[in-house]
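Okay, so here's the structure we're looking at.
Note that the coordinates shown come from a computational prediction; the quantities given were computed from them, not determined experimentally. The sequence lines fix the lettering, A, B, ..., with proteins before strands; numbering per chain opens at 1.
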Protein chains: 2
Amino acid sequence: MAVSGNPSRRRGSDLVDAIYAAALAEVAELGLGRLTMDGIAKRAETARTSLYRRWPSPSELLLDALSAAHPMEEPTPGADDLRGDLVASLRLMVDWAISPAGRAVQAIMGDPRRDPVLVQGLYERVFAENGGTFTRTVLLHYARAGEFDEALVTPVVADIGEALVIKHLIDAGIPDDDALGRIVEQAILPAIGIRP
Amino acid sequence: MAVSGNPSRRRGSDLVDAIYAAALAEVAELGLGRLTMDGIAKRAETARTSLYRRWPSPSELLLDALSAAHPMEEPTPGADDLRGDLVASLRLMVDWAISPAGRAVQAIMGDPRRDPVLVQGLYERVFAENGGTFTRTVLLHYARAGEFDEALVTPVVADIGEALVIKHLIDAGIPDDDALGRIVEQAILPAIGIRP
DNA sequence: TCCTTAAGCTACAGTGATGTAGCTTATTAA
DNA sequence: TTAATAAGCTACATCACTGTAGCTTAAGGA
């Protein structure tokens, strides 16, 4: 016998969005290993049965939540400011990394179990084709504009900025623009033959 | 009433070492979020009560296990081979990263909860003073030998190699010597003004 | 307005981890 | 040989999460 209960009741996408937000928050705070149907339901203030009616497991739910999250923004190289555009593209990356979706992705990628279904889903549904290529887009744009040899944009060079941002996030927290500027000047630009 | 049981019974450091190994294996396989006294006890084939007699929680146990693990090796720059020594120092880092202790550390650092006690313990008891400075040691050695300006070895530059290795481990697995060589040539050496 | 749908609520049995207690027994040192 | 110590074993109450069932009820469309 149901007794009191909320007089206003969410349905459809209203409810689903709340559940998605709860799932991302749970995994970002607790990690994949502590993600439970119960925890998601409680945070979303809904009944556990409502979750089981739609998803068989926390992983499946999480994957849908990530697909529905805002995608990564693409960097849009401007007129003639390689250094500035590189910093801006790293700033985009940082913004995404500290968003609920970004933190959820980190929890998934960092989990030792590396659920293959989850990781594959990530690549197919979140990174899409264009994902994770923040500085690469900018570098290729300026190389094609004739600023330097396109052949210098190797996979390693395209990864330098992202790699240093990841390391900064791990052991020093969120980098400010000065920190991003140092990464660009001291690591990325030298790799394409530009010394300050 | 105890019935059969193992006729040979481990004591002292024999037992403790087995427990440490079990703890590192558990956290490496399952992640910090799934680390339990029960799991460690079962893997070490000992009684849960034996764990509670020594440690109050899985975290405390894990920290002791990490302290007891083999420390990171220091790179020892050789005669006159900057490139080779850099690759060797990154190889040291990779070897450590894929060891039980290294994988446990990754699980701890990657955990969204970032248990402050655990992280602080890591810095004090595992990284010590010298930890995490694989390429830095080599770079400073050659800079002081006059190969390039020591001022070029900034925190960012000292991090380039480690950062790219971390990224490689995350999204492409264990790097071989060719991959390490590309990191050295295309990212580290240009940053200190050396072009192949 | 009525009716279908979807959500909420409660309950339940099952499972696995917790932390403790009290006992038995192997190992080691005296 | 004996005694002290440390480890093993079992049991227990408790808690949190699971997955399911069956019911009640709010929302929204016909």
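Among all heavy-atom pairs drawn from A:Leu66 and A:Ala101, the shortest one is CD2-O, 3.8 Å. For the pair A:Val138 and A:Pro75, the tightest heavy-atom approach, listed with the atom from each and the gap, is CG2-CB, 4.1 Å.
With sequence neighbours excluded, no residue forms a side chain to side chain donor-acceptor pair (under 3.5 Å) with A:Arg113. For A:Ala179, the side-chain contact (heavy atoms from CB on, under 4.5 Å) partners are A:His168, A:Pro175, A:Asp176, A:Arg182, not counting sequence neighbours. The side-chain contact (heavy atoms from CB on, under 4.5 Å) test applied to A:Leu152 returns A:Asp149, A:Ile192, not counting sequence neighbours. For A:Asp17, there are no salt bridge (Lys or Arg N to Asp or Glu O under 4.0 Å) partners two or more places apart in sequence or in a different chain. Under the salt bridge (Lys or Arg N to Asp or Glu O under 4.0 Å) criterion, A:Glu147 pairs with no residue at all, not counting sequence neighbours. Partners of A:Arg34 by salt bridge (Lys or Arg N to Asp or Glu O under 4.0 Å), not counting sequence neighbours, listed by chain and number: B:Asp111. For the salt bridge (Lys or Arg N to Asp or Glu O under 4.0 Å) test, residues two or more places apart in sequence or in another chain that qualify with B:Arg91 are B:Asp177.
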Would you tabulate the nitrogen or oxygen pairs shorter than 3.5 Å linking the protein to nucleotides 3-6 of chain D?
residue, atom, partner, partner atom, Å
D:dT5, O2, B:Arg11, NH2, 3.3
D:dA6, O4', B:Arg11, NH2, 3.0

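In terms of modelled atom types and a separation under 3.5 Å, the side chain of B:Thr135 and the main chain of B:Ala158 share a donor-acceptor contact. Looking at A:Arg195, its side chain does come within 3.5 Å of a backbone N or O of B:Ala191 through a donor-acceptor pair.
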Only pairs under 3.5 Å count here: list side-chain donor-acceptor contacts from residues 47-64 of chain A, not counting sequence neighbours, and write none if there are none.
residue, atom, partner, partner atom, Å
A:Arg48, NH1, A:Asp38, OD1, 3.1
A:Trp55, NE1, A:Asp64, OD2, 2.9
A:Ser57, OG, A:Glu60, N, 3.3
A:Asp64, OD1, A:Arg125, NH2, 2.8

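Contact check of residues 16-23 of chain B against DNA chain D (heavy atom, cut-off under 4.0 Å) returns no residues at all. Heavy-atom distances under 4.0 Å link DNA chain D to no residue of residues 57-69 of chain A. Contact check of residues 26-53 of chain A against DNA chain C (heavy atom, cut-off under 4.0 Å) returns A:Thr46, A:Ala47, A:Thr49, A:Ser50, A:Arg53.
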